[in-house]
Peer 1: 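One structure, as structure tokens, below. Some questions next.
Chain identifiers are assigned alphabetically (A, B, ...) following the order of the sequence lines, protein sequences preceding nucleic acid strands; residue numbering begins at 1 within each chain.
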Protein chains: 2
Amino acid sequence: MAKTEGNINTWLDQIHNKYKTAVSVDCVIFGYDETGLKVLLIPCDMPPFENKLSLLGDIVHPNETTDQAAHRVLYKRTGLDDIYMEQVQVFSDLNRHPLGRVITVSYYSLIKINGNSFMELKDNHSLQWKNVSEINELAFDHKIIMDTCLERLRKNLREHPIGFKLLPPVFTLQQLQTLYEMVLGVELDKRNFRRKLSHLQILKPTGDSQKDVSHRPAKLYYFDQMEYEERNINGFSFGL
Amino acid sequence: MAKTEGNINTWLDQIHNKYKTAVSVDCVIFGYDETGLKVLLIPCDMPPFENKLSLLGDIVHPNETTDQAAHRVLYKRTGLDDIYMEQVQVFSDLNRHPLGRVITVSYYSLIKINGNSFMELKDNHSLQWKNVSEINELAFDHKIIMDTCLERLRKNLREHPIGFKLLPPVFTLQQLQTLYEMVLGVELDKRNFRRKLSHLQILKPTGDSQKDVSHRPAKLYYFDQMEYEERNINGFSFGL
DNA sequence: GCAAAAGTGTTCGCTCTACACCCATGG
DNA sequence: CCATGGGTGTAGAGCGAACACTTTTGC
């Protein structure tokens with residue numbers, strides 16, 4: 001795009017001087033294990049929040065979109081790319097950041113805690129997974145951001161097949177049901193849950209079963225993305 | 001919030017110098033009349049888009065949130081406040097604005113075209129309503145923004161009772177049905193539509209009927225917001 | 001053989017869908 | 001009395017909810 005006329009070209013300069021605003025992204029990185037839904041947090045070193053935890057975020061660089069910034073933050077901290085991410089909402093309260101005007105774009109992402117060894121790979125000595133239910137306060141307005149993203153996650157979990165993104169590539173039906181129950185905070189009927197999934201035809205058995213369990217071993221399944229996309233051109237509802 | 005340490009305080013200054021970014025809002029203002037769903041547009045005077053129409057937008061001021069900026073834009077152009085508005089999505093492509101980096105937050109709002117006399121009241125000589133179906137291109141990336149907001153509107157129209165916000169305060173069931181059909185692009189069964197609304201119990205008859213029509217006059221209804229809020233603590237689906 | 005979790009069918013009520021005729025008014 | 005849109009009921013199919021017992025494995 002051409003930057004043409006000089007007098008128009010002063011426009012952005014004026015804006016930068018008059019309206020000093022920084023733009024950041026904040027990532028609510030959800031993970032899941034058998035103890036519940038977790039969020040990846042880091043200690044905050046900025047006054048007055050020195051003793052609080054905060055979400056992972058950064059200023060948006062001049063040569064990247066906010067989506068790219070969010071992926072960059074995630075990659076830098078975890079070494080993971082190709083991760084499901086969704087833009088949620090802008091937070092722009094005037095005093096949300098102690099150092100001045102920072103408008104932030106929030107994202108949530110879903111990653112598999114187990115099966116990813118990033119915990120050892122990156123400079124994440126201070127990163128920690130914290131159970132969502134145990135998070136009472138965070139630095140800045142990050143608690144509100146987290147709650148907003150959690151609501152969005154719950155809504156999307158009911159409308160789209162994204163729950164699998166929190167589980168290992170191969171899982172049992174019971175694991176999947178427990179995930180839904182924990183994230184949505186509801187109890188589900190085992191038979192109804194299985195019938196619904198079986199009807200959707202988006203899970204495929206691997207042929208394998210659990211090993212080394214002291215009870216009847218459960219069959220293992222994987223989510224068939226191709227099958228889903230062919231079958232659900234116009235989306236569907238989980239209706240859970 | 002305290003701006004404390006000097007060395008930390010330089011942080012935002014550095015950011016402003018290094019990451020020159022402006023933040024704007026763009027409003028997709030939907031209106032509706034019997035000819036269809038419309039969007040309020042204004043001619044663009046910025047090269048290279050001089051002959052195109054654009055959405056209504058503005059830079060976010062230092063003393064306002066993006067929500068407030070969106071309401072300000074709407075009020076300044078139409079004289080209307082207390083209007084339904086919803087934040088939709090951030091657009092941040094690097095070259096979306098010819099004068100430099102402008103990250104924009106998109107909103108849509110719903111207003112009643114008839115029954116509002118703002119067309120004469122404000123400096124809107126150049127504002128125009130344009131049918132959504134007739135909009136093929138807009139300045140900047142505004143067509144994409146409009147399409148995104150339209151999708152969001154359609155989704156919300158199915159999940160929440162917001163259709164009334166596009167109609168006069170008092171309307172017939174046929175008007176309401178036609179609105180749904182036009183915005184969603186589907187045909188609805190008259191009897192099923194009426195049964196569903198009657199079951200929801202959120203429309204109340206005014207007791208009046210249409211006047212001066214050369215056929216049986218239709219009863220007039222209004223949307224009872226209070227009734228809805230009491231009845232639907234956890235929301236509901238229109239399921240259309 | 002016992003503990004522990006896996007796996008499996010049926011009934012009931014509700015909601016969605018499809019569909020056709022009489023009614024009230026103005027001219 | 002005719003033209004125009006307003007207004008109404010019913011039957012069938014599909015979906016969600018509730019509910020209990022048998023199976024397979026490890027120890």
Peer 1: Between A:Ser214 and B:Asn192, just flag the one whose closest nucleotide in DNA chain D comes earlier from the 5' side.
Peer 2: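 Between the two, 5'-proximity favours B:Asn192.
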
Peer 1: Provide, to the nearest angstrom, the distance between the CD atom belonging to A:Glu187 and the C1' atom belonging to D:dG16.
Peer 2: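 Between C1' of D:dG16 and CD of A:Glu187: 17 Å.
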
Peer 1: Just compare D:dG7, D:dA18, C:dC16 and give me whichever is closest to any side-chain atom of B:Lys219.
Peer 2: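 Of the options given, the side chain of B:Lys219 lies nearest D:dG7.
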
Peer 1: Between A:Leu176 (CG) and C:dA6 (P), how many Å, whole number?
Peer 2: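 Going from CG in A:Leu176 over to P in C:dA6 covers 13 Å.
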
Peer 1: Indicate, with a heavy-atom threshold strictly under 4.0 Å, whether A:Gln210 touches base, sugar-phosphate, or nothing.
Peer 2: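 If one applies the 4.0 Å heavy-atom cut-off, A:Gln210 turns out to touch nothing in the nucleic acid.
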
Peer 1: Could you tell me how far apart A:Phe193 (CZ) and C:dG7 (P) are, to the nearest whole angstrom?
Peer 2: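 The distance from CZ of A:Phe193 to P of C:dG7 comes to 13 Å, rounded to the nearest Å.
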
Peer 1: Return the minimal non-hydrogen interatomic distance between B:Asp224 and B:Lys204, and the atom names on each side.
Peer 2: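 Heavy atoms of B:Asp224 and B:Lys204 come nearest at OD2-NZ, 3.0 Å.
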
Peer 1: I would like to know whether B:Glu134 and B:Lys130 meet salt bridge (charged side-chain N to carboxylate O under 4.0 Å, His left out); could you show each step before the answer?
Peer 2: CA-CA 7 Å; B:Glu134 292 164 7; B:Lys130 189 131 183 162; 5.5 Å; no

Peer 1: Does B:Lys196 have a side-chain nitrogen or oxygen under 4.0 Å from the phosphate oxygens OP1 or OP2 of C:dC16?
Peer 2: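 Yes, within the criterion.
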
Peer 1: Base, sugar-phosphate, or nothing for A:Asp212, non-hydrogen atoms under 4.0 angstrom?
Peer 2: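 If one applies the 4.0 Å heavy-atom cut-off, A:Asp212 turns out to touch nothing in the nucleic acid.
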
Peer 1: Rounding to an integer number of Å, can you tell me how far A:Asp189 CG sits from C:dG7 P?
Peer 2: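 Result: 15 Å.
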
Peer 1: Between A:Gln177 and A:Asp189, which heavy-atom pair has the shortest distance, and what is it?
Peer 2: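 Taking every non-hydrogen atom into account, NE2-C, 4.1 Å.
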
Peer 1: Taking atom C1' of D:dG7 as reference, at what distance in whole Å does atom CG of B:Leu173 sit?
Peer 2: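 From B:Leu173 CG to D:dG7 C1': 9 Å.
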
Peer 1: For C:dG7, take OP1 and OP2 only and decide whether either is under 4.0 Å from a side-chain N or O of A:Arg194.
Peer 2: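 Indeed, a polar side-chain atom of A:Arg194 lies that close.
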
Peer 1: Rounded off to whole Å, could you give me the CD-to-C1' distance for the B:Gln177 and D:dG7 pair?
Peer 2: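 Between C1' of D:dG7 and CD of B:Gln177: 12 Å.
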
Peer 1: What are the two closest heavy atoms between B:Trp129 and B:Gly31, and how far apart are they?
Peer 2: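 Scanning both residues completely, I find the closest heavy atoms to be CZ3-N, 3.4 Å.
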
Peer 1: Taking all non-hydrogen atoms of both residues, which atom of A:Met85 and which atom of A:Ala70 are closest, and how far apart?
Peer 2: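 Looking at all heavy atoms of both residues, the shortest contact is CE-O, 3.5 Å.
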
Peer 1: Rounded to whole angstroms, how far apart are CG on A:Leu197 and P on D:dG16?
Peer 2: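 After rounding, the gap between these two atoms is 12 Å.
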
Peer 1: Set out, line by line, the N/O atom pairs under 3.5 Å between protein and nucleotides 20-23 of chain D.
Peer 2:
{"from": "D:dA20", "atom 1": "N1", "to": "A:Arg191", "atom 2": "NH1", "distance (Å)": "3.3"}
{"from": "D:dT23", "atom 1": "O2", "to": "A:Arg216", "atom 2": "NH1", "distance (Å)": "3.1"}

Peer 1: Shortest non-hydrogen contact from A:Val23 to B:Ile103?
Peer 2: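 In terms of heavy atoms, the two residues are closest at CG1-CD1, 3.9 Å.
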
Peer 1: What's the separation between atom CZ in B:Phe193 and atom OG1 in B:Thr178, rounded to the nearest 0.5 Å?
Peer 2: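 Between B:Phe193 CZ and B:Thr178 OG1, I get 8.5 Å after rounding to 0.5 Å.
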
Peer 1: When you match A:Arg195 and A:Gln174 each to their closest nucleotide on DNA chain C, which lands nearer the 5' end?
Peer 2: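 Of the two residues, A:Gln174 wins.
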
Peer 1: Which one, C:dG7, C:dA4, D:dT8, comes nearest to the side chain of A:His215?
Peer 2: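 Nearest listed nucleotide: C:dA4.
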
